[in-house]
Amino acid sequence: MASSTSHPTLFSPLKLGETLTLPNRVVMAPMSRGRATSALKANELMAEYYASRASAGLLITEGTHTSVMGRGWFHTPELVTSDDAKAWRIVTDKVHEAGGRIFCQMWHAGRASHSAFRDGEDGYEGEKKLSVAPSAIKRASEAGKQRHTPRGGEVDVETPRAMTVEEIEALPEEFRNAAQVARDGGFDGVEIHGANGFLLDTFMQSCSNHRTDQYGGSLENRFRIVDACIRAVLTVFEPECVGIRIAPNGVYNGMGSDDFRESFLYYARRFSEYKLGYMHVMIGLGFGFHNKGKPMTIAELKKEFPGPIIANVGFDADSAEKELSEGGADLVAFGRPFLSNPDLVEKMQEGRELRPMLPMEYWYTSKENVWTSEGYTDLSVMDEPVEAKE
Ligand SMILES: Cc1cc2nc3c(=O)[nH]c(=O)nc-3n(C[C@H](O)[C@H](O)[C@H](O)COP(=O)(O)O)c2cc1C
């Protein structure tokens with residue numbers, strides 16, 4: 001890759017605040033892989049997976065639940081108890097030994113959760129088992145089915161329950177606790193998940209927040225709980241060790257609001273006030289576009305958020321270099337290319353060909369929907385023709 005311009009390239013280092021230097025600008029995007037234990041703990045297998053990608057400038061983990069109400073995916077790890085911290089230490093130690101840096105993505109799934117995640121949990125019966133959201137608005141979903149429940153099967157998407165003010169006001173403590181567990185678990189920082197129709201995104205967007213109290217209506221009101229959660233996390237981590245992820249163009253989980261441009265420019269401005277390590281923007285349209293207007297760009301968000309911006313969705317080495325030199329991004333996150341190329345940084349730097357995309361049937365667990373290394377740390381499935389597996 002040419003590096004003779006005055007612009008940073010994918011392989012130029014970047015300092016996040018005073019404490020953290022990233023050796024390159026290639027970020028591994030957060031990706032749920034469904035390999036936590038049945039007790040929802042991180043483990044050796046996950047340590048091996050992340051450590052083998054430690055040459056990334058920054059690794060961001062899969063979405064990690066901040067609470068039982070926040071669960072959104074089967075076999076997904078959590079950030080709730082001291083045992084979760086102990087389990088994550090296995091991963092963070094191995095990544096650090098391999099020379100890497102790793103942030104944990106803090107995730108409350110909101111209305112994309114399902115009561116099936118609370119089957120058999122003490123204290124979650126009847127209505128209390130239902131997922132929560134700012135308003136009781138069911139998310140749009142292909143065929144109305146939900147695939148990622150504890151048993152991996154398809155169940156109907158449910159209409160969530162609108163959160164009470166008391167429940168909303170408990171969220172900052174939930175996020176503070178999760179950040180503390182992440183810190184005790186050895187993470188270098190955390191990314192707050194504010195994208196893709198999960199809880200915080202549904203508060204920020206007008207299509208999913210129809211509240212008439214202090215948590216709905218104006219942009220300031222819709223941002224109120226996000227602000228409180230960020231401030232709670234900042235009592236645990238320095239600002240440069242905290243990132244926020246947004247998806248202003250995304251349609252995933254039924255998102256897309258008529259006022260998306262005005263909203264996300266306002267939110268970017270608000271995020272800039274905390275001097276966060278970065279704002280992570282799913283800017284590309286390859287994960288679905290809501291078509292509510294001209295797609296937003298990094299350049300327009302950069303005017304409101306002058307700090308480091310990570311661009312994501314659909315990049316390859318060439319388009320990533322272009323986004324860095326012309327688009328205003330400071331880093332680029334790669335998701336799917338990292339699944340089948342643990343050595344993505346080295347391959348892109350040496351201009352080597354990438355392995356094709358990992359077949360979807362291996363993304364979240366193995367093909368047989370069981371917890372295994374197949375298609376995860378064991379990529380031998382890639383060496384056989386995909387048809388032979390059908
Ligand atoms: C298997 C898989 C799991 C994902 N899980 C998450 C997740 O836990 N949190 C999140 O914010 N995005 C998640 N995403 C979205 C990715 O972070 C990324 O935005 C998406 O893959 C687009 O980037 P790419 O074009 O480089 O793959 C996931 C994507 C994939 C393919």
Side-chain angles (χ1 to χ4, degrees), residues 10 25-36 40 42 46 49-50 53 56 58-66 70-79 102-110 112-113 147-148 152 178 190-202 243-253 255 278-289 298 309-320 323 329 331-341 344-345 347-348 354-367 369 374-376 379:
L10 274 179
R25 292 156 187 253
V26 178
V27 176
M28 178 169 156
M31 283 181 289
S32 299
R33 301 300 311 274
R35 261 75 171 195
L40 310 182
M46 289 166 59
Y49 166 77
Y50 284 112
R53 288 155 176 82
L58 181 66
L59 298 169
I60 305 171
T61 69
E62 60 217 273
T64 301
H65 299 142
T66 53
R71 287 179 185 162
W73 219 265
F74 61 77
H75 278 292
T76 292
E78 304 206 312
L79 278 179
I102 184 164
F103 276 29
C104 191
Q105 190 185 49
M106 302 172 65
W107 180 28
H108 188 306
S113 180
R147 280 192 304 139
H148 305 291
V190 287
E191 173 174 291
I192 298 170
H193 201 337
N196 295 345
F198 299 115
L199 188 70
L200 297 183
D201 194 19
T202 57
I244 178 88
R245 184 169 224 219
I246 54 169
N249 297 327
V251 74
Y252 191 74
N253 278 329
M255 296 308 282
Y278 64 81
M279 181 167 77
H280 186 172
V281 189
M282 294 175 69
I283 209 73
L285 308 182
F287 241 58
F289 173 44
I298 296 289
I309 297 187
I310 307 178
N312 172 243
V313 184
F315 287 98
D316 61 17
D318 290 337
S319 56
E323 186 64 53
L331 304 118
V332 177
F334 298 85
R336 289 160 291 183
F338 257 119
L339 298 180
S340 47
N341 298 277
L344 183 67
V345 174
K347 277 187 174 150
M348 291 197 305
L354 302 187
R355 277 178 140 159
M357 194 156 76
L358 181 72
M360 241 183 127
E361 65 216 46
Y362 296 104
W363 284 8
Y364 304 114
T365 52
S366 72
K367 189 175 183 224
N369 235 351
E374 198 185 30
Y376 188 56
L379 289 174

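Keep in mind that the numbers below use all heavy atoms, side chains included, and drop hydrogens, waters and symmetry copies. Numbering of ligands and ligand atoms starts at 1, following listing order. Everything numeric in this text was worked out from a predicted model, so none of it was measured.
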Practice item. Please say whether P30 places an N or O atom under 3.5 Å from an N or O atom belonging to ligand 1. Key: yes
Review point. Can you tell me which residue and heavy atom of the protein come closest to atom 30 (C) of ligand 1, and the distance to 0.1 Å?
Key: M31 CG, 3.7 Å
Study note, to complete from the structure: shortest atom 20 (C) of ligand 1-to-protein heavy-atom contact is with F287 CE1, 3.6 Å
Exercise for review: Would you check the N or O atoms of F334, main chain and side chain alike, for any that come under 3.5 Å of an N or O of ligand 1?
Suggested key: no
Point to revise | Distance-only side-chain donor-acceptor flag, Y49 / R33, under 3.5 Å | key: yes
Exercise for review: Go through ligand 1 atom by atom and flag the ones less than 4.0 Å from a non-hydrogen atom of M282.
Suggested key: 19 (O)
Exercise for review: Kindly compute the distance separating CD1 (I310) from CE (M282), expressed to the nearest 0.5 Å.
Suggested key: 12.0 Å
Exercise for review: Ignoring angles and geometry beyond distance, decide whether E62 reaches within less than 3.5 Å of ligand 1 through its nitrogen or oxygen atoms.
Suggested key: no
Review point. Is the closest side-chain heavy-atom distance between N249 and I283 below 4.5 Å?
Key: yes
Exercise for review: List the atom of A42, the atom of P77, and the distance in Å for their closest heavy-atom pair.
Suggested key: N-CB, 4.4 Å
Check your understanding: Just which atoms of ligand 1 are under 4.0 Å from any heavy atom in P337?
Key -> 26 (O)
Revision key, fill the gap. In ligand 1, the atoms that come under 4.0 Å of a heavy atom of A29 are 17 (O)
Check your understanding: Is W363 close to ligand 1, meaning an N/O of one under 3.5 Å from an N/O of the other?
Key -> no
Review point. Is G335 in polar range of ligand 1, meaning some N or O pair under 3.5 Å apart?
Key: yes
Revision key, fill the gap. Sorted by chain and residue number, the side-chain hydrogen bond (donor to acceptor under 3.5 Å, both in side chains) partners of T64 (sequence neighbours excluded) come out as none
Practice item. Look only at interatomic distance and state if G314 has a nitrogen or oxygen under 3.5 Å from any nitrogen or oxygen of ligand 1. Key: yes
Check your understanding: Looking at ligand 1, does any of its N/O atoms fall within less than 3.5 Å of an N/O of Y364?
Key -> no
**Study point:** Any donor-acceptor pair under 3.5 Å from H193 side chain to M106 backbone
**Key:** no
Check your understanding: Is the shortest N/O to N/O distance between R245 and ligand 1 below 3.5 Å?
Key -> yes
Exercise for review: Let me see the working for M28 and Y50 under side-chain contact (heavy atoms from CB on, under 4.5 Å), right down to the final yes or no.
Suggested key: CA-CA 10 Å; M28 178 169 156; Y50 284 112; 4.0 Å; yes
Check your understanding: Which heavy atom of the protein is the closest neighbour of atom 9 (N) of ligand 1, given with residue, atom name and distance?
Key -> Q105 OE1, 2.8 Å
**Study point:** Which residue and heavy atom of the protein sit nearest atom 23 (O) of ligand 1, plus the separation
**Key:** N312 ND2, 3.1 Å
Point to revise | Winner among E191, R336, M360 once heavy atoms are compared against atom 24 (P) of ligand 1 | key: R336
Practice item. Among all protein heavy atoms, pick out the one at the shortest distance from atom 8 (O) of ligand 1; state its residue, atom name and that distance to 0.1 Å. Key: S32 OG, 2.8 Å
Exercise for review: Report the distance from atom CH2 of W107 to atom CZ of R71, rounding to the nearest 0.5 Å.
Suggested key: 12.0 Å
Exercise for review: For a side-chain contact (heavy atoms from CB on, under 4.5 Å) with E62, tell me which candidate from M46, Q105, R35 qualifies.
Suggested key: M46
Practice item. Just say parallel, tilted or perpendicular for the rings of H148 and W73, cut-offs at 30° and 60°. Key: parallel
Exercise for review: For residues I192 and L200, determine if any side-chain heavy atom of one lies less than 4.5 Å from a side-chain heavy atom of the other.
Suggested key: yes
